[in-house]
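Below is one structure, written out as structure tokens; the observations come after it.
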Amino acid sequence: MPELPDVEGFRRFFARHAQGRRVIRVTAPDPQVLRGTSVQGLGRALHGRRFAAPRRHGKWLFAPTDDGPVVALHFGMSGRLEWSSDGSGRHRHDRLVFVLDTGELRVSSMRKLGGAWLARHERDLADITGPLGPDAKTATREQLAGLLAERRGGVKSALMDQAVVAGPGNLVVDETLWRARVHPARPAASLSADELAAIHRSLREVLEGAVPRGRVPRDDDWLTGVRDVADPRCPRCGAAVRSDTVAGRSTRWCPDCQPETA
DNA sequence: CAGGATGTTGGGTC
DNA sequence: CGACCCAACATCCT
């Protein structure tokens with residue numbers, strides 16, 4: 001499920017449990033999630049080192065050690081972190097375990113779409129992540145407007161592209177466009193200054209609401225709250241919510257609040 | 001049983 | 001090169 005708000009929750013979780021803690025050993029109940037490294041490689045790089053403050057960019061979580069190597073985590077569609085102070089309660093989907101001096105931090109992933117990478121140095125992270133736009137939480141209105149203005153495709157496709165702006169996923173984008181009253185298939189380059197401002201403001205509001213919760217809330221005054229109910233109604237105007245595939249992803253929008261032509 | 005799920009990548013195509 | 005579409009990845013759920 002992880003989008004930016006979820007990963008920000010994982011960052012806080014990582015900081016609470018692992019920051020300043022020493023790595024005793026690394027085990028991989030399912031090494032398939034290790035990308036470009038091995039459990040031996042991770043062990044050699046991390047053994048005896050302490051984790052420093054974790055950082056997030058978009059949907060990536062970076063866990064540097066106090067003197068060099070950095071673990072990069074991406075959670076795919078189903079990843080999350082678990083903590084066990086006494087080593088008990090192992091779960092079937094735990095794929096990677098950092099045994100620390102105070103307990104075990106576990107990377108769990110049902111579908112194994114994400115994974116764990118090892119960077120020798122900070123400067124190697126960009127090779128792992130590929131191109132990433134500015135983080136959605138801090139992107140300025142000018143940045144966002146400029147990036148969208150030079151896109152040729154639809155606005156949902158643009159906002160979903162991590163190289164344009166890093167962090168938004170399917171739920172955040174649908175929620176943002178609903179709040180901004182912009183149809184998801186609108187050509188990005190056709191948006192007015194007012195619409196661009198509304199998208200930026202809405203993106204900030206959605207993230208400010210979601211990040212403290214560590215997820216996109218399923219509140220009933222959010223579009224996400226009616227996403228999967230039968231006969232969904234727009235929480236703002238009561239119109240029947242439309243469902244279709246846009247930019248290759250399942251998409252919800254309100255035909256009254258978000259008309260196709262502005 | 002078929003289809004879908006909050007993500008990304010690689011191939012083919014225009 | 002930019003953008004779209006689709007399949008694939010692996011597992012569970014409706």
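All figures in this text were calculated on a predicted structure; none of them were measured in a lab. So that the names make sense, note that chain A is the first sequence line, chain B the second, and so on, each numbered from 1.
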Can the positive tip of A:R55 be found less than 6.0 Å from the middle of the six-membered ring of A:W60, inside 45° of the ring normal? no
Could A:R227 and A:W222 be counted as a cation-pi pair, given that NZ or CZ must be under 6.0 Å from the ring centre and within 45° of the axis?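 Judged by the rule, A:R227 and A:W222 form no cation-pi pair.
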Given the P atoms of C:dC6 and B:dG3, what is the spacing between them in whole Å? 15 Å
Between C:dA3 and B:dT6, how far apart are the P atoms? Round to whole Å, please.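 The same atom, P, in both gives a distance of 24 Å.
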Quick one, which residues of residues 142-178 of chain A touch DNA chain B with a heavy atom under 4.0 Å?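 Contacts with DNA chain B under 4.0 Å: A:Q162, A:G169, A:N170, A:L171.
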What residues 201-231 of chain A contributes to the DNA chain B interface at heavy-atom separation below 4.0 Å is A:R218, A:R227
Show the distances under 3.5 angstrom between N or O atoms of the protein and N or O atoms of nucleotides 10-14 of chain B.
none

Check each of A:R56, A:R215, A:R213 against A:E8 using the side chain to side chain donor-acceptor pair (under 3.5 Å) test, and report the only one that passes. A:R56
So what is the 5' to 3' dot-bracket string for DNA chain C, if pairs are Watson-Crick or G-U wobble with both distances under 3.5 Å, crossing pairs use [ ] and | means the partner sits on another strand? .||||||||.||||
What pair of heavy atoms forms the shortest contact from A:P168 to A:Q162, and how long is it? O-NE2, 3.0 Å
Might you point out which heavy atoms bring A:V211 and A:R12 nearest each other, and give the distance in Å? O-NH2, 2.9 Å
Please determine whether side chain to side chain contact (heavy atoms under 4.5 Å, CB included) holds for the pair A:R204 and A:K137, giving the CA-CA distance in whole Å, both sets of side-chain angles, and the decisive distance to 0.1 Å. CA-CA 6 Å; A:R204 295 291 282 261; A:K137 189 80 165 56; over 6 Å; no
Mapping A:H74 and A:S250 to their closest nucleotides on DNA chain B, which lands nearer the 5' end? A:S250
Polar side-chain atom of A:D174 near backbone of A:L171 as donor-acceptor pair, under 3.5 Å: no
A:D194 and A:S192: side-chain donor and acceptor closer than 3.5 Å? no
Reading DNA chain C from 5' to 3', where do the contacts with chain A start and stop? Cut-off is 4.0 Å to heavy atoms.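 Nucleotide range with atoms under 4.0 Å of chain A: C:dG2 to C:dC12.
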For residues 246-256 of chain A, which residue pairs qualify under salt bridge (charged side-chain N to carboxylate O under 4.0 Å, His left out), counting only residues two or more places apart or in two chains? A:D228-A:R252
